[in-house]
Amino acid sequence: MKINPINCTNQYNKNDVSFNGGIPRKIVCFGPPASGKGTQTSHLSKELGLPHVDMGSLLRSAIASGTEEGLLAKSFIEKGQLVPTKLIAKIIENMLASSKCKDGYILDGFPRNIEQAHLLDRINQRIDAGKKAIFQAINFEVSPKLLLERIINRRSCPQCGEIYNTKFKAPKIENECDICHIPLRQRADDTAEIAQARFKTYDEQTAPLINYYKEQGTLSSIDANGSIEEVWTNLMKAIKR
């Protein structure tokens, strides 16, 4: 059964005093692979009524829409090259400066390193233009052992995209989607070897954001080791601080 963490708390009212009187709220979420931030930020978007800006989806949308930045990004991808950080930042800025994000946003997948954090700071400064806005960075903390178990036991439905875990959230029938009733699949990169390489990349490039935002006084770290409901509760406590 699909679990919806929104059912674990009362609806969060943007007009409530705790939401700072309608001042734009800008939230950046980051954490290691399989930390659960994708699931949580998606639900947080619905809870707060703020757009969930996922870097991967945003990049794919720009390419599909045929924007100038999207076509340029596509040219790098087709050559097997990484999309330059400044180009990614431009695509991000176009979205964050749009009317969709006038009340704020929940950003997932950017920044991934200190250079991108500096770029985001400058983007926010241009968008805010001296007006007050509230920024918060949320770090999802999970033990390495649990992260590995989540990854190597992860399965997904190729049709509806529902995610399962053979250890923590198994389907009713082994290796069959509860919704579509078709065989589940394992991503090619959901192996212990590749997972360890991804963790190493995260530790070297993204983990330094913890101290970066801590020094700015904008960091909230949450325990993301528990169930979906437990992590959701921890996330909401951090949001309401």
Side-chain angles (χ1 to χ4, degrees), residues 3-6 8-14 16 18-20 23-58 88-89 92 95-96 100-101 103-121 123-125 127-128 132-144 146-147 150 198-199 201-203 205-241:
I3 301 173
N4 186 346
I6 289 182
C8 303
T9 182
N10 293 326
Q11 195 72 8
Y12 194 87
N13 187 353
K14 285 175 57 178
D16 191 273
S18 60
F19 200 77
N20 301 290
I23 297 171
R25 187 73 179 266
K26 305 183 177 188
I27 301 170
V28 167
C29 295
F30 63 96
S35 61
K37 65 182 177 60
T39 297
Q40 298 292 341
T41 51
S42 178
H43 285 292
L44 185 62
S45 169
K46 297 172 184 176
E47 183 79 354
L48 301 186
L50 296 176
H52 177 208
V53 183
D54 169 64
M55 187 59 234
S57 298
L58 191 60
I88 290 176
I92 283 282
M95 178 61 178
L96 301 188
K100 293 180 181 180
C101 296
D103 294 322
Y105 56 76
I106 298 166
L107 188 53
D108 177 11
F110 186 94
R112 290 184 181 275
N113 54 48
I114 298 298
E115 178 190 6
Q116 292 183 359
H118 286 305
L119 287 171
L120 181 60
D121 287 344
I123 288 171
N124 282 326
Q125 288 171 2
I127 294 172
D128 297 340
K132 189 172 182 180
I134 295 169
F135 181 90
Q136 184 177 21
I138 298 178
N139 169 38
F140 285 65
E141 294 184 330
V142 188
S143 74
L146 180 57
L147 288 173
R150 286 179 179 177
R198 293 170 67 193
F199 295 156
T201 298
Y202 176 84
D203 289 340
Q205 298 186 17
T206 307
L209 292 176
I210 296 172
N211 284 333
Y212 180 81
Y213 287 122
K214 185 181 293 185
E215 291 174 357
Q216 288 189 355
T218 58
L219 180 74
S220 294
S221 290
I222 67 168
D223 182 353
N225 287 287
S227 66
I228 292 176
E229 294 90 344
E230 290 169 339
V231 177
W232 175 253
T233 298
N234 294 338
L235 176 59
M236 291 308 294
K237 287 178 180 179
I239 291 295
K240 292 182 179 182
R241 285 176 187 166

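The first residue in the sequence is number 1, and the count goes up from there. What you see is a predicted model, and the numbers here were worked out from it, not measured in a lab.
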For [X] and [Y], indicate whether the former's side chain and the latter's backbone hold a donor-acceptor pair under 3.5 Å.
X    : Y    : answer
T218 : Q136 : no
Q40  : I228 : yes
N234 : I222 : no
T233 : E229 : yes
T206 : R112 : yes

Which atoms form the tightest heavy-atom contact between [X] and [Y], and what is the distance?
X    : Y    : value
L96  : C101 : O-CB, 3.5 Å
N225 : E141 : ND2-O, 3.6 Å
Y202 : P33  : CB-CD, 4.2 Å
Y213 : A117 : OH-CB, 3.8 Å
G226 : V231 : O-CG2, 3.7 Å
K37  : D108 : NZ-OD1, 2.5 Å

Can you tell if the side chain of [X] reaches within under 4.5 Å of the side chain of [Y], non-hydrogen atoms only?
X    : Y    : value
P111 : L119 : no
I127 : K26  : yes
L44  : W232 : yes
V142 : R150 : yes
M236 : K240 : yes

* side-chain contact (heavy atoms from CB on, under 4.5 Å), paired with L209, selected from I114, N139, L219 ->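 So, applying the side-chain contact (heavy atoms from CB on, under 4.5 Å) to L209 and each of I114, N139, L219, only I114 qualifies.
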* From CA spacing to verdict: side-chain contact (heavy atoms from CB on, under 4.5 Å), I239, R25 -> CA-CA 10 Å; I239 291 295; R25 187 73 179 266; 4.1 Å; yes
